[in-house]
Amino acid sequence: MTRLLYFAWVKDKTGIASEDIELPGGISTVADLIGWLKTRGPEFTHAFEQDGAIRAAVDQTHARLDTSVADAKEIAFFPPVTGG
Amino acid sequence: MTRLLYFAWVKDKTGIASEDIELPGGISTVADLIGWLKTRGPEFTHAFEQDGAIRAAVDQTHARLDTSVADAKEIAFFPPVTGG
Amino acid sequence: MIRVQRDDFDIGKEIDALRKGRTGIGAIVTFTGTVRDAHGEVTAMTLEHYPGMTEKELARVEAEAHARWPLQATLIVHRVGRLEPGDNIVLTAAASAHREAAFEAARFLIDYLKTSAPFWKRESGPAGDKWVEAAP
Amino acid sequence: MIRVQRDDFDIGKEIDALRKGRTGIGAIVTFTGTVRDAHGEVTAMTLEHYPGMTEKELARVEAEAHARWPLQATLIVHRVGRLEPGDNIVLTAAASAHREAAFEAARFLIDYLKTSAPFWKRESGPAGDKWVEAAP
């Protein structure tokens, strides 16, 4: 099982803050995961349609599109950060 | 009458903090005044011997060697500042 | 030291704690970020964050500052939750023997935090709520 | 605002006073200079100044900062008299809408003050007293 987390407007659009799911086979990178998430219904399609505006973290570390998610326990999606 | 002020090690060397004096004729700049002060006895000669290490202010404004002292009410001599 | 909290912070007390028991400090620089009162356009601001990752990122930012400058102590405090115009959002502080290192480190802490720590601001105003967009 | 005083200052209270009643502030930077404890070589420091000229110079430094950056408020507090290791010497603070101006102005205030305001430090230590030499 992998925990997926959504923050800020990504959460507003998906409608959920977190979920524990079994990732389907064939998903090895962040990009693969985003591609699959987009197929999960209109909320997810909408949330990830501007995928260039979304950042990801794998196991609480900033990730890139080609970062591996193979052994990830926790993957988060969020807009560019705006703290400080 | 002109008030002369001495600070920090300039004061330690002259032995006085301030004095009110009538400047002799022929003194028109800070450099002239330093030249005359050096003739006022061993303490003053000693205080002003390294005259490149001394700064001056005329009427509470930083001055240069060629600054006029003609109408000055208050002239101060001190080492480079070390506050902050 | 790093802290993420809902409550306000007291800058004077934070500096006192930073200095306490440490010798060799000659310069302390603090940066405080506050909710700007933009002509009534913002009535409140809500800060969301990613618990767990936030602390890891702030610790990384702080460690990076210590690797770059000779520092006696550093501090990052970031608030989350609902804030109002004029409220404190964030405090960074750096103590060093000399002012150059303290200024540069305090600025590095806030600059780096702003690009890497997972916080998101939502502004509330007369026209409704909106997520603040990141500076380009 | 500028102040020259024998008494210590409370950084938290100074910042509160700086912010009070002012809108549009998004960033506040403070610099605090303290008497460094240099391995027991300095047991006390005495600050002499030129009353009258000091205030004029500090006001000039502050005015110059306001001319260079958009600032809501600035503050310079400088102590005189006898101080001990760890004691506060000087505080500069700048409040602005944005952090760049606040950082640059707070640093300008202390940098400019150090070259122009008529203060002189005398250090006392086991080997006696000596006037601090200006940085070249």
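Below, chains carry the letters A, B, ... as their sequence lines are ordered, and counting in each starts from 1.
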Exercise. Do you know the tightest heavy-atom contact between G84(A) and I89(C)?
Worked result: O-CG2, 3.9 Å
Problem set entry | Which residues share a side-chain hydrogen bond (donor to acceptor under 3.5 Å, both in side chains) with E104(C), sequence neighbours left out | W69(C)
Can you pull out the donor-acceptor contacts between chain C and chain A, under 3.5 Å, including backbone atoms?
residue : atom : partner : partner atom : Å
E48(C)  : OE1  : K11(A)  : NZ           : 3.0
E48(C)  : OE2  : A8(A)   : N            : 3.0
E48(C)  : OE2  : K11(A)  : NZ           : 3.2
Y50(C)  : OH   : E74(A)  : OE2          : 2.5
K56(C)  : NZ   : D59(A)  : O            : 3.4
H78(C)  : NE2  : G84(A)  : N            : 2.9
S116(C) : O    : H62(A)  : NE2          : 2.7
F119(C) : O    : T82(A)  : N            : 2.8
F119(C) : O    : G83(A)  : N            : 3.4
W120(C) : NE1  : P79(A)  : O            : 2.9
K121(C) : N    : T82(A)  : OG1          : 2.9
K121(C) : NZ   : T82(A)  : O            : 3.4
K121(C) : NZ   : G84(A)  : O            : 2.7
W131(C) : NE1  : D12(A)  : OD2          : 2.7

Seminar exercise, completed: Checked V132(C), L91(C), L109(C) vs chain A; the most non-hydrogen pairs under 4.5 Å come from V132(C)
